[in-house]
Structures are given as structure tokens and as C-alpha cells.
Amino acid sequence: MELLKVIDREWFKQRLTGVVLCVMIAFAVLSARLFYLQVVEGSHFRRLSQYNSIRIHDIAPLRGLIYDRNGSLMAENRPSFNLSIIPRDAAPLEKTIEKLSVYIDVPKEDLMALVYKKKSKRLSFRPVLLKPDISRNALAAIEAHRFELPGVVVAIKPIRHYLQHEYAAHLLGYLGEINLKELKSGRYPECKSGDLVGKFGLEKACEPLLRGKMGGKQVEVNARGQVVRVLNTVDSITGVNINLTIDNKLQKKAVELLKGFAGAVAVLDTSNGGILALVSSPSFDPNSFVSGLTHAQWRELDSNPQMPMQNKSVQGLYPPASTYKIVTAIAGLEKGAIDEHTVFHCSGSHKFGNRVYRCWKRTGHGKVNVVAALAQSCDVFFYQVGQKLGVDILAEYARACGLGSATGINLDNEPQGLIPTALWKKRRVGIPWQRGETLSVAIGQGYNLVTPLQMAVLVSAVGNRGTLYRPRIIKNIISADGTVIDGNNNSVDNITHKAIIEEFAKFGQIEIIGKLPGSSRTLELVRKGLWEVVNGRRGTARTVKIKGIEVSGKTGTAQVFSRKKNTPSDRRDKKRQPMHLRDHAWFVAYAPSDAPRIAVSVIVEHGEHGSSTAAPIAREMIKCYLGEEIAASAVNGP
Amino acid sequence: MFDRRLVQYFNWGLLGLFCLLAVTGSLTLYSALTAGSANPQIALFYKQMIWYTAGLFIMALAFVLDYKFLERWAYACYFFCVSLLVFVMFFGRVGGGSKRWLVFGPVSIQPSEFMKIAVIIVLAKYFAKVVTMEGMSFKELFLPMILVMIPCVLVLKQPDLGTAIMIFLIAASMTLFIKIEKRTLACLVAASGVSLPLLWFFVLKQYQKQRILTFLDPDRDPLNTGYHIIQSKIAIGSGMIFGKGVFKGTQNALSFLPEQHTDFIFSVFAEEWGFIGSALLVTVFAMLILWGLNIAYECRDTFGIILAVGVTGMIFWQVIINMGMVMGLMPVVGVPLPFISYGGSSVISMMVCMGILMNISMRRFMLD
């Protein structure tokens, strides 16, 4: 053993000699490299260091385009012409500026102020931006007088353009300069201050898809900052193009119908949750955000009491009013509180405890069963159903119908809405639930809050006999190499495709989020009730009838203000209420009744009656979408 | 109990080299942090000084205790460091896109730095037992491979490619030093010769290949890594023969250098000190390495020899990879320059290395 150790030591010494050799070689290479960099090439690098000569110039990517379901363009990039001047080259400076001020119609003093904004006395070699996005006329004038305008530079820059203007403002959103909070959030890893990013709507939600990837040029500049050589170029990657599920024609129609009102419309494809139209009124022109709003414009938008900047179809929270009776009916039928033969007598009011709960129809509906109660929107009938069920069971069914939770459209911080339970009230308000409140909840008043989109999903499910689809906004995505990403893609070895598929899943994947909590028997009764709303002899929305198309729906009139004395029938005779106290009008519908294709949810703020303001809008929407079929059936039909 | 020979055999030369590097490092760090900067990060400099002070105690500890102690506790050290790495995976602090640090109040440490030393100790223990003049067979190499693979995978998960490569290189050089059987070596070379192309053509996806190519050739990514390398080369080259003078580096002052106080600190030094200073620094590092190898040469104990070679190897690879990277000779991996770069864990682990080398050197008479 000892002997071995001794041999080992000599052997190790041998090995160490080899190691020393390797080490010497490695350090010799390092020294040689140092010699090369600092002595041989030293003066070259010294010169490069003097003006920090190697710089990166960005190449901005083009943003992806947005189309509707039929391929008509909704958002594109148009060229804009930015007028700049290089002060050092513009001699005589003042005279040049003077001429320019005429062509672009900006006072000369303002332009001079821009040129002299920088503190340094020496005029710059860097271009100073005088006016972004100059008009075609100005451009023509400047180009024509090129030789009299030394140092003037017109740079072309792509700029976002929304072809639908105010018709899809909330849906598409708009771009704006990235702010400090967004920069720090880490959600925009490639952006730096001054970059434009989506601020609202789809532009914001689909930013990673639409943005593309920044490219750049590694350049060598001289002491004047002018590019001497391009050392290396990395091309930018254009953002992907998106085809929406939106039907442009329908979208436009909805905006026109809502003109003058505050309100919202959501139209869904009942067979897969595809959003055909998503409108909020009043609207605005997103193009004005691209070119930069003036203070006055912003103040006007911001202070408008009708809140044009809110996407009411997704974000607006309203009491569901009588449209909620769909939920109460399902719960009552399923829990056995009522069946199709159960009849309640409506005398125009219902006494509960020491309070009288009125029906909207003072004279009463007489004897009604569940179908008639839905058709005529009898409050007394549903008071009694609610009373039998209790608030927590109602809430359970409302949640199962998709209310009280976000639909998952992934736009604009979609709220959850509110479906009250006894526990919720105890926690939130601190007062135990009053049993009388259940009656209000049963007809969709009280604490209930829903969004127009949630109601669209619900009524669509009633239409398609029970399936709640997650609303989806993207039909498919076209990747840079032309591949169509539409949820049926299996090959994911391509990293860019993988990223797109992930994004598509958020906005485009057909997804069932639940089933209505009712047997087919229950749903048929509800469907019969909704059919009678439009087609029954006493339905509340008989005006909606369209020749050739059977429509089913439900009206709703949401109280904005507690009205103990003013029942609607009183009010007709009285002087009309001030606008902000009038009721909201709801109408939710699907068509055609027996094999529906579209579902519509309409709310008109302060529109008073679902039947008189909201229902006609839904009617026009259905007519617009299924219109061609009417024409066809008019020829063959009865 | 106390042997006078311990003092007699103390390696003053090594201590001298260390002091030289520590002073140079502090000076360069100060310049990198302050020159031309609007908001100098002077606090980092003081932090580094505190690390050096704390490091002195740890270094003292590392040479006072007999290194035989390390042999006995090798596996304990190893598993302690591995468990720290696992801990990082779950509770680590995220910084710059990777999860490397454990935070204890005001102090954050990077366990992967200490993992390197633990791997050296555990391998030295194992190799000391199995070493033969014929070299290692495949069967004997199996355990070390596992011992190296575990920390490598954990570190890659963070992800920290630089440290993983370091661990691999250290282990590989130790293994080659104690010799691999000719047949086994041939097999290993042949196996990697066959599997690498297979991996490249049939397993790796397009984007993974892109990443590897960019790693090997920074010019393929001219807007990021490639740009950094060019700026680093400009900084070094513009120092020319005599340098721009201490605290007068312009590239440094204008913050054109990335990571100028950590991985790219050598370009700050080279810009300010020129070829003369840089060549001197390279020489000092070379002397340090040779000093370490000499300690192995004079040691009479197998474990001591292999430990000294491993520790020296660690310093060697850090210097070569870091300098090679900033001079544009090698791919860009995040490896700090020993004693010069900012970083508490790096400083402490390097001082532990110094302590271990002194320890071995001091006790070379013990087996007489």
C-alpha cells in the first residue's frame, strides 16, 4: 500500500507536467488575442470608440391585419408621412421654415420653437420632427418645391388605420404610447418608451399576436451620427393576420340601430359561441387615438355621461330584470316547485309579509301557467316561484346558467357580474337576507347584475337546447408562412405556430363552458314560453314578428330607480320621467325558433320598455343576418 | 497539538497573489460602478468590500481546519449543496429571467457557486480511492457521472448555462487528470462522435438548433449578444498599449458595455489599463494557476493532489472562459472573472478555493 502511494506520486508529477503545458498554451492564446485587439487593431477600435460608432437602429415590424369573418378588412396599416428637418443642413433655416409653415399650415413660431427646443446652441445633425402624418396636399406641395427646401426630410412610417371607424371601436380598440406601468409590468418585453401598443379591445388582448417582432440594423456611424456602413441586419417579423368571427354588416347595423342611445348589443352564433357582433354605444373613432387626441377631444370623451369609452357589451353591469325569469322558470321546474300545469292567479299584486309586491300589469294577468307567465312576463307568478325556492337555490341555478362568472371572452377585464346569496349579503352588507328580497331577485331585480354578453350566452344556450358556449372572437389566425391556425392544428414543432396556437386557444377555441341545468322537458317549456313572447296572442314582444322567420325572445325592463308609486301603467299618463331615471330596456332572443342560428342580447339604457326600444333592434339584427333566407322563403313559402 | 511547521510552511506567495488580485479587482469594480454614471451604484462597491471581509474569515477557516476533514465530510457537503439547489428551485429569488439566489434577509447567496467546490471535493474523495495507473474504466466512471449530472441538471433548470458548463469542465478536467482507460476514452469519444450528429439531425427542433448556433456564433444575433461582444471588443481594443487611464474608460462611462460590473468587467479593466496592464493581469492569473499546480506537485497525499488540481482547475476555467468570452474568442456564457467581478458568492467561493490551496500546501509535511 505504501509502495503504491510512492509510485502514484511520481506518476502524478508526470501527469501534472502535462497539465502545466495545457495551462501555458491557454494563457498564451489569451495573451495573443489581447495583443491582436489592443496593439494590432488598437487604433481601429480607438477610432470606433470615439463616437460610440457602432449602434443599433430599430426596424419596426408591421402590425398584423384584422379581418371580419367574410374577409373584409377592419384594421390595416396605412403609410403616414412625417415631416422632419435637419437643422444643420437647412440653410437658410428661417426661410425654409417659413415656407414649410405655409405648406403644412402651422405657425412659423411653433416650428422654430421645435427646432430650438434642445438646449444646446449648436444646431443638430439629427432630424427634428416638425409634424407627423402630414396631409397628401402638404406632401405634394413639399415634393414640388423640394429644391427650395434644403434639409427637409419626409419619412414614411406605417400607421394604424381602422376602416370601420366608430363601427367597431370597442371591439378593435386602439393603439397608444406605452406607459411606465406597462413597461414595468413585463408584459411587453420587447418594447421601450415611445412604442405604440394596444390599449383597449382586441388590439390590447391580441398584442402578442399582432405586434410582430422588432428587427434592427447594426450600423457604424461617423462623428456626425450619419450611417457609414451597415454591419448587420435582422429583418423585422410582421405580426400575424387575424380573421374575426364578427360579421361586419351586422356590426354596422347594430351601431346604426343604437345611435342616439347608450346601450349594447351582443350577437352570437348559437352553434359554437362565435361572436357575430359586439357593439357598445355611444362609440368613438379609434383613428383619432392613433393620430393623438387633443385635450378637448379627450375631455369630451371622458366626461360624456353616456361613457363612450366603456365597452358596455362586455363590461356593462345591469340588473337582468325580466330576462332573468328564464332562470327562475328553469329552477322552479327542475326543483319541482312548479310543473307545466301549475297555475297561479295574478291579481296585479302579491302580498308577502307586510308588503305588497306589484305585477307590472296592475289589472293582473288572471290565471297563468309557466308558459303564459313567461309570455306575458307575469311578475306575480315568478314571485311565488321564487318564494318557494329561496334565494340560494335561485343563485345556484343562475350560476349554472353562466351568470355571476366571466364568460371567458378574455377582453377588457370582463367583470363577473353578481348573483346574490344569503351568505354573500351577510358578508358584504352585514345584514341577514330578508325573505322579501328573494321576490325581487326572482324577477331579476335586487342585487342581480349581469352583462349583455352573459345574457347572450344564456339565451343562446336556451336556443340550442342547453349548451353554454364560451364566446369566441377569433375565427382563425394566418401565421406568417400562410398556415391557417384554427384549432385543428396538430403539428406544433414550429415554435411560432405553438405560440399562435396558445393565443388562439384564448380567443378562438370552441369551448363548452356548461350545460343549462334543465332537462329537455324543462327547456322545451321555457322555449315554448319564449316563443309565445313573440308569437303568442298576449306576448310582450309581438312587434318583433318577422315574416318568414320565427323568433323567440324575452323582454326585460330594469328599474334604475325604485318606483313604489309609479307603476309603468301609471306612468304612461303622467309626464315622462327625466332621462336618467327611466328604466333600462332588455331584449334577448334567438332565431329561427326551432333550429336557431343566432342569439341576440340587446340593452338600451333608459330605453324604458324592452318591447318598445330593445326588441325592435333585436328584430332588425335578426332580419339583417337571416334576411337572405327570408327573401328565399318568401318565394317558396306560404 | 499546534505544529510550528504549519506556520513555517505557510504559502506566502499564494497569499500575495491573492492580495494583488483583490486590490486590482476592487479598483476596477469601483471604476465600473462609478465612472460617468449619473447614479453611481456605489453601494454595490461597499457590499463587495463587506464580502471580501467576510471572505477573509471563511478563508481562514478553510485553511485552519485540516483538509482531511473535507475528505471525511465530502458527501455531506455535496448533499448539502444539492439540497440548497433544490431549495432554490422552489424558493429562489428570480432575477434577470433565472432563479439562482436564496435570500436571507439582506444577504442573497448563489448556491451554484458553492456547488462547484462541493463537486470538486466529492470527486477528489472518490478518485483518490479508485485511481490506478491504468486509468479509469467505464464502471468506475459511472458514479462520478451521476454525481456531476445531478447538480448540472439542477443548475440548468435555473437556467444558468455558464455554471453548468463550469461544473462539467471542472469534473471533466479532473477525470482526465487521473486518467481514463484508453479503451474507455476511445469509446466515449466515439459515442459522442456518433450521438451528437444524430441528436442534431433527428432530435433537436429547428428553434433549438437556432439557439445553439447563436450561442456558438454571437454574430448571428447582431442586435443583442453580437452587439455586446462588439462593444466589448471595442472597449478592450481602444485601450491600446497604455490604456486610457484609471477611471477614464469612455466605453465604460457611456454604459456601452453590458454587465460591466459582473461578467464583462475585464473589458473595463483592459480599456483603462491597456495592453500592458491586461497582459500583467493575465500573467498574474497564470501565476496563480501554476502556483496551485505546484501545490499539487509538492503534495504527498492522493486526495490532496486531486483536490488541489480540482480547485486550481476551477479558477483556471473561470479565467479562461470569462476572458475568452469578453475578447470574442468564445461563446457568451455568464461566468464571473475570479476576484474581479462583482458578486458575493463568487468572491466567497474563490476565497474558499484559496483557503483550500493554502491548507494543502501547509500540511504537505504531514505524511512524512
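Residue numbers begin at 1 in each chain, while the letters A, B, ... track the order of the sequences.
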What part of [X] is in contact with chain A, defined as an atom under 4.5 angstrom from a non-hydrogen atom: side chain, backbone, both or neither?
| X | value |
| --- | --- |
| B/I289 | side chain |
| B/F242 | neither |
| B/F316 | side chain |
| B/L290 | side chain |
| B/I241 | both |
| B/L176 | backbone |

Among [options], which residue has the highest count of heavy-atom pairs closer than 4.5 Å to chain B?
| options | result |
| --- | --- |
| A/V40, A/L34, A/L37, A/V234 | A/L34 |
| A/L231, A/V19, A/V29 | A/V19 |
| A/A26, A/G18, A/C22 | A/A26 |
| A/V39, A/V20, A/V23 | A/V23 |

Which residue is it: [options]? I am looking for the one with a side chain to side chain contact (heavy atoms under 4.5 Å, CB included) to [X].
| X | options | value |
| --- | --- | --- |
| B/F266 | B/M327, B/E271, B/M325 | B/M327 |
| A/E220 | A/V230, A/V227, A/L48 | A/L48 |
| B/L281 | B/V319, B/I276, B/L21, B/T28 | B/L21 |

Item to check | Modelled atom types, side-chain donor and acceptor of B/S238 and B/K244, under 3.5 Å | outcome: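 The answer is yes; a qualifying pair exists.
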
Checklist entry - Between the side chains of B/E272 and B/S31, does any donor sit under 3.5 Å from an acceptor? => result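 A pair is found: one side chain offers a donor N or O, the other an acceptor, under 3.5 Å apart.
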
Item to check | Rounded distance [0.5 Å steps], CD1 in B/I306 versus OH in B/Y126 | outcome: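 Atom-to-atom, B/I306:CD1 and B/Y126:OH are 11.5 Å apart.
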
Checklist entry - ring-ring contact (aromatic ring centres under 6.0 Å, His included) between B/F127 and B/F303: does it pass, once the steps are laid out? => result CA-CA 8 Å; B/F127 286 151; B/F303 173 71; over 10 Å; no

Checklist entry - Which heavy-atom pair separates B/Q318 from B/P338 by the least distance, and what is that distance? => result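 Shortest heavy-atom contact: CB-CG, 3.6 Å.
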
Next on the checklist: With a 6.0 Å cut-off (strictly less than), is the heavy-atom count around NZ of B/K99, excluding the residue itself, greater than 12?
Outcome noted: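 Yes, the 6.0 Å shell around NZ holds more than 12 heavy atoms from other groups.
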
Checklist entry - Checking A/F35 against chain B: side chain, backbone, both or neither under 4.5 Å from a heavy atom? => result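 Its backbone and side chain both get close to chain B.
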
Option in [options] with maximal non-hydrogen atom pairs under 4.5 Å from chain A:
| options | result |
| --- | --- |
| B/T283, B/I230, B/L329, B/V309 | B/L329 |
| B/G239, B/G274, B/G243 | B/G274 |
| B/V282, B/T312, B/I236 | B/I236 |
| B/A270, B/A286, B/G226 | B/A286 |

Next on the checklist: Would you call the rings of B/F264 and B/H228 parallel, tilted or perpendicular, taking 30° and 60° as the class edges?
Outcome noted: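 Judged by the thresholds at 30° and 60°, the geometry between B/F264 and B/H228 is perpendicular.
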
